[in-house]
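Right, one structure below, let's go through it.
As the structure is a computational prediction, the values presented were derived from the model and not from experiment.
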Amino acid sequence: MREKKYRQTGKESVSSRHPIRQQLAAALLGLCLVVVSIPVLQPDLNVQAAEPQQEAAPVSELAEDILTGDDGKDDVPEDGTGFAAHFYSGSAGNRETVDAVMNQDAGTGTLTVPELQPMEGFEAVGWSSSPKSFEAEKAPGEEITLTENTVYYGIYRKGVTLSYDANGGDACPAGETKTLYANVSENEVSCDVPVFTTAGPLPRTGYVFSGWNTADDGTGEPYLAEETMEAEGDTTLYAMWIAGNYTPYRIEHYRQDIEGDSYSRVDADTEYMEGKTGELVEAEQNPYTGFSLSRDPGLGKKTGVVEADGSLVLQLYYDRNTYEIDFDLNGGEGEKPGKQMVRYGGLLQETGQPQRKGYTFAGWYKDQEGTMAAYWDPYQTVENNTNSIKTILYARWLDETAPVLGDAFFQVGYRNLMDWVAGQTKLVVTVPVTEEGSGLDQAVYTLIPEKGSPKEGAAKIRTESTLSPGVRARSGGVAAVMTVRGNARDGEYEVVITIEEEFKGSIALSCTDQAGNASVQKILTADGAGAVIEDNAPDIHFSKAQTDASESRAMVNVDVTDSAGKNITSGIAEITYQIDKGNTKAEGREELAEGIVENYSFSVEIKGEGKHSLSVTAVDYAGNKSTKEATVEILRKKAVIVPKPQTPVKQTPTQHTPKPAAGEPVTGESTHVKIFATLGMVAGFTYLLLYFNSGEGGITEDEKEEIIYRLVRWARKGKLRKYPALIVIMLFLVYYHSIGKSVSSEWRKVCEG
């Protein structure tokens, strides 16, 4: 510590100014007292002692002057025999004198140490006998013994704190406290001042540390980092900073989206910059094609001060250029589309299909003539279609509308069978056609038979509707009949197709207008089905099924076929039978209503011995009807069937028509007909061979006929059944040869007969 002296202002006594002289004077005074007392103690030496006594007088006076000082005040008790102590405290020269209580026998005095006077800013510690010491030797209240006059000096102390302020830095060091001691004497206050070492450099993003200062603005006393300094009182040091030149900041660019109010950041164009901390910087805009800097003051931040922590972000927002698009129907009908505002990079919104009777909308063009160079491509962005901020688009119209075919109509009297039309003479089909453009030029139909090659023909075109109430063949697979009342005209034209030949298949129609626009070829009946024109009645066959002799009952098998040979068939519509002129009964209504049935078999039970009559009638969907009768004789052991010739009956237009069936007819391929014909021939041949071999080792005539007929009927129900049927028939032949039967003579008789 370093001692500092504080001088007390005002007049001071000599003794207070010269403490050493006081001590010397006290010593001389004591010596004089000893000399004076010698004659008293030793009488035999009075003479000798008188001389020194006369010489000592001046010494006593000097000692007294030293003790009293310049002010003439006596520093000893009034009787001149006691001791006293001076105590300095509170401030320089502030003295308190305390007289000791003398002990005469011992030559000493005692006193109690007084309290120190308060001194502002300090804490009293105690008393020291040295004006240069800062350690207390005596404490207030302590009793001390004096052997002479004594001087004591007050010792004080206080805490001195050195604090720090980072002044914007990222961290701040902790403060430090040390003790300052003071010694109060007659003319000054000496201090032991503590010495501190300043803290090292501090970190701060974007700044460089330049030292410490006692003022936050740098106008105080400066100190370097880790420099020693004295502090007589509490002191705060402030960090001093120099702005950095490489503080980072960034610039972001945002472009307006094609739709909505939002913007998207262009990450690839984000700029990472460096600048001086605290410096004002400005962002430069990018020259984006089709964009301009937004004028909205609430968007973005073009300028800013570089933040020390690098947090400054400048943002620039760009708006898309907007194109105004208007529309002109250019002769079209209805209300034109509304005006559109399309942003750069956007597409023209769909406007729907404008309408113009007889024409087809061909798109939007930038001129009324509709030249190809002026075409507006809806799949290209707006800037790729026009360079103008305002554009008018004109509709272009072309006669590209093909004729539209309506639903076909047939005359009253024809049957509708799942949209199959069955007739016996000719078929007249009328189709309404809508053509609102250049006009209908021609109509071509194609007859597509189930067997054979297609045949084309030209249909008649009429411009006036002449349809009377009739039957419409509804396309779409709806198996129903709908009567159209009144005028059935659906368009400006009617196409009439007349078919007079026997035909089974579908009819296709297509029309072409004057501009060469062809309609889509249309099958006039539902699901690609067709019409049937035929005059072939169903075929009926009887065969014995079973005989029960005990109950005199016989079962007769009946087979109805509507596909004999190569005849065109429309399918079986109804089957009825009658026994002995009893009630007429229907057979197979549900099966026949499910679809086109070309073959149907059932059994009729006849009871009672004797002869019975059986009559079966079959009607197809073309109205062709046939009836076959047979006499059934039930004997004790067998039943004999004697069929009569079949009677076909042709259907007239006014004759009752059975209820239409549902489902599309299946007539089979020509290969199937050949297979069935072959099976029938083989079966007939085998039957003739077996017919003449009845006897003990053979079978009866009825059994032969029943077996062969059942085999043939079974084989006709599937593609693969013909092979096992042929094998069984051949086994019959092998069997007859194995039992020694010869068929050659019978065969020759049959062939010759």
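The main-chain N or O of Gln340 is never found under 3.5 Å from a side-chain atom of Gln349 such that the two would form a donor-acceptor pair. Counting only distance, with no hydrogens or angles, the side chain of Asp562 and the backbone of Gly571 share a donor-acceptor pair below 3.5 Å. Judged by distance alone, the side chain of Gln355 and the main-chain N or O of Gln353 form a donor-acceptor pair under 3.5 Å. Checked by atom type and distance alone, the side chain of Asp328 never pairs as donor or acceptor with a backbone atom of Tyr394 at under 3.5 Å. In this structure a side-chain-to-backbone donor-acceptor pair under 3.5 Å is present from Lys522 to Gly406. A donor-acceptor pair is defined here as one N or O able to donate and one able to accept, closer than 3.5 Å; such a pair exists between the side chain of Glu333 and the backbone of Lys357. Between the Thr617 side chain and the Thr576 main chain, no donor and acceptor come within less than 3.5 Å of each other.
Looking at residues two or more places apart in sequence or on another chain, you find no salt bridge (charged side-chain N to carboxylate O under 4.0 Å, His left out) involving Lys585. For the side-chain hydrogen bond (donor to acceptor under 3.5 Å, both in side chains) test, no residue two or more places apart in sequence or in another chain qualifies with Lys611. By the side chain to side chain contact (heavy atoms under 4.5 Å, CB included) test, Gln521 is found to be paired with Thr446, Ala508, Ser510, residues two or more places apart in sequence or in another chain being considered. Residues satisfying the side chain to side chain contact (heavy atoms under 4.5 Å, CB included) test with Gln514, not counting sequence neighbours, are Ser438, Asp441. For Ser613, the side chain to side chain contact (heavy atoms under 4.5 Å, CB included) criterion is met by Asp580, not counting sequence neighbours. By the salt bridge (charged side-chain N to carboxylate O under 4.0 Å, His left out) test, Glu605 pairs with Arg553, sequence neighbours left out. Every residue two or more places apart in sequence or in another chain was checked for a side chain to side chain contact (heavy atoms under 4.5 Å, CB included) with Glu335, and none qualifies. Among residues two or more places apart in sequence or in another chain, the side-chain hydrogen bond (donor to acceptor under 3.5 Å, both in side chains) test is passed with Thr386 by Thr391. Remark: Phe327 pairs with Trp364 by the ring-ring contact (aromatic ring centres under 6.0 Å, His included) rule, at least two apart or across chains. Every residue two or more places apart in sequence or in another chain was checked for a side-chain hydrogen bond (donor to acceptor under 3.5 Å, both in side chains) with Asn385, and none qualifies.
Residues Gly332 and Trp397 share a closest heavy-atom pair of CA-CZ2, 3.5 Å. Closest approach of Cys511 to Leu440, counting heavy atoms only: CB-CD1, 3.6 Å. Contact between Leu329 and Ala395 at its shortest, heavy atoms only, is O-CB, 3.3 Å. Pairing each heavy atom of Ile634 with each of Lys607, the nearest pair is CD1-C, 4.2 Å. Smallest separation of non-hydrogen atoms from Val632 and Ile606: CG2-CD1, 3.8 Å. The heavy-atom pair separating Ala537 from Asp620 by the smallest distance is CA-OD2, 4.4 Å.
Note that the NZ atom of Lys581 and the CD1 atom of Ile579 stand 14.5 Å from one another [nearest 0.5 Å]. Atom-to-atom distance recorded for Glu574:CD and Arg589:CZ is 7.0 Å, nearest 0.5 angstrom. Here Ile461 contributes atom CD1 and Glu494 contributes atom CD; the two are 11.5 Å apart, rounded to the nearest 0.5 Å. For the atom pair His541 NE2 and Asp559 CG, the distance stands at 6.5 Å (nearest 0.5 Å). Here the straight-line distance linking atom CZ of Phe602 with atom CD of Glu591 works out to 11.5 Å at 0.5 Å rounding. Atom CG of Leu405 and atom OH of Tyr493 lie 13.5 Å apart (nearest 0.5 Å).
Between Glu502 and Asn536 the shortest side-chain heavy-atom distance falls below 4.5 Å. Side-chain contact between Thr360 and Asn517 is absent, with no heavy atoms from C-beta onward closer than 4.5 Å. Using a 4.5 Å cut-off on side-chain heavy atoms (C-beta onward), Ser601 and Asn557 make no contact. For the pair Val558/Ile540, a side-chain contact is recorded, criterion being any heavy-atom separation below 4.5 Å from C-beta on. Counting heavy atoms from C-beta outward, Tyr577 and Thr584 have side chains that stay 4.5 Å or more apart. For the pair Ile507/Leu447, a side-chain contact is recorded, criterion being any heavy-atom separation below 4.5 Å from C-beta on. Ile575 has its side chain within reach of Tyr600: a pair of non-hydrogen atoms, C-beta onward, lies under 4.5 Å apart.
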Practice problem: Please step through side-chain contact (heavy atoms from CB on, under 4.5 Å) for the pair Thr430 and Arg462, ending with a clear verdict. | Solution: CA-CA 10 Å; Thr430 303; Arg462 295 191 304 211; 4.2 Å; yes

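Remark: Glu369 CD is packed, more than 12 non-hydrogen atoms of other residues, nucleotides or ligands lying under 6.0 Å away.
Exactly one residue among Asp326, Asp367, Ile325 makes a side chain to side chain contact (heavy atoms under 4.5 Å, CB included) with Leu393. That residue is Ile325.
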Please report, to 0.1 Å, the donor-acceptor pairs under 3.5 Å made by any side chain of residues 372-382, with sequence neighbours excluded.
residue	atom	partner	partner atom	Å
Asp377	OD1	Tyr379	N	3.0
Gln380	OE1	Asn384	ND2	3.4
Thr381	OG1	Glu383	OE2	2.9
Thr381	OG1	Asn384	ND2	3.0

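For residues 432-451, no residue pair satisfies the ring-ring contact (aromatic ring centres under 6.0 Å, His included) rule, not counting sequence neighbours.
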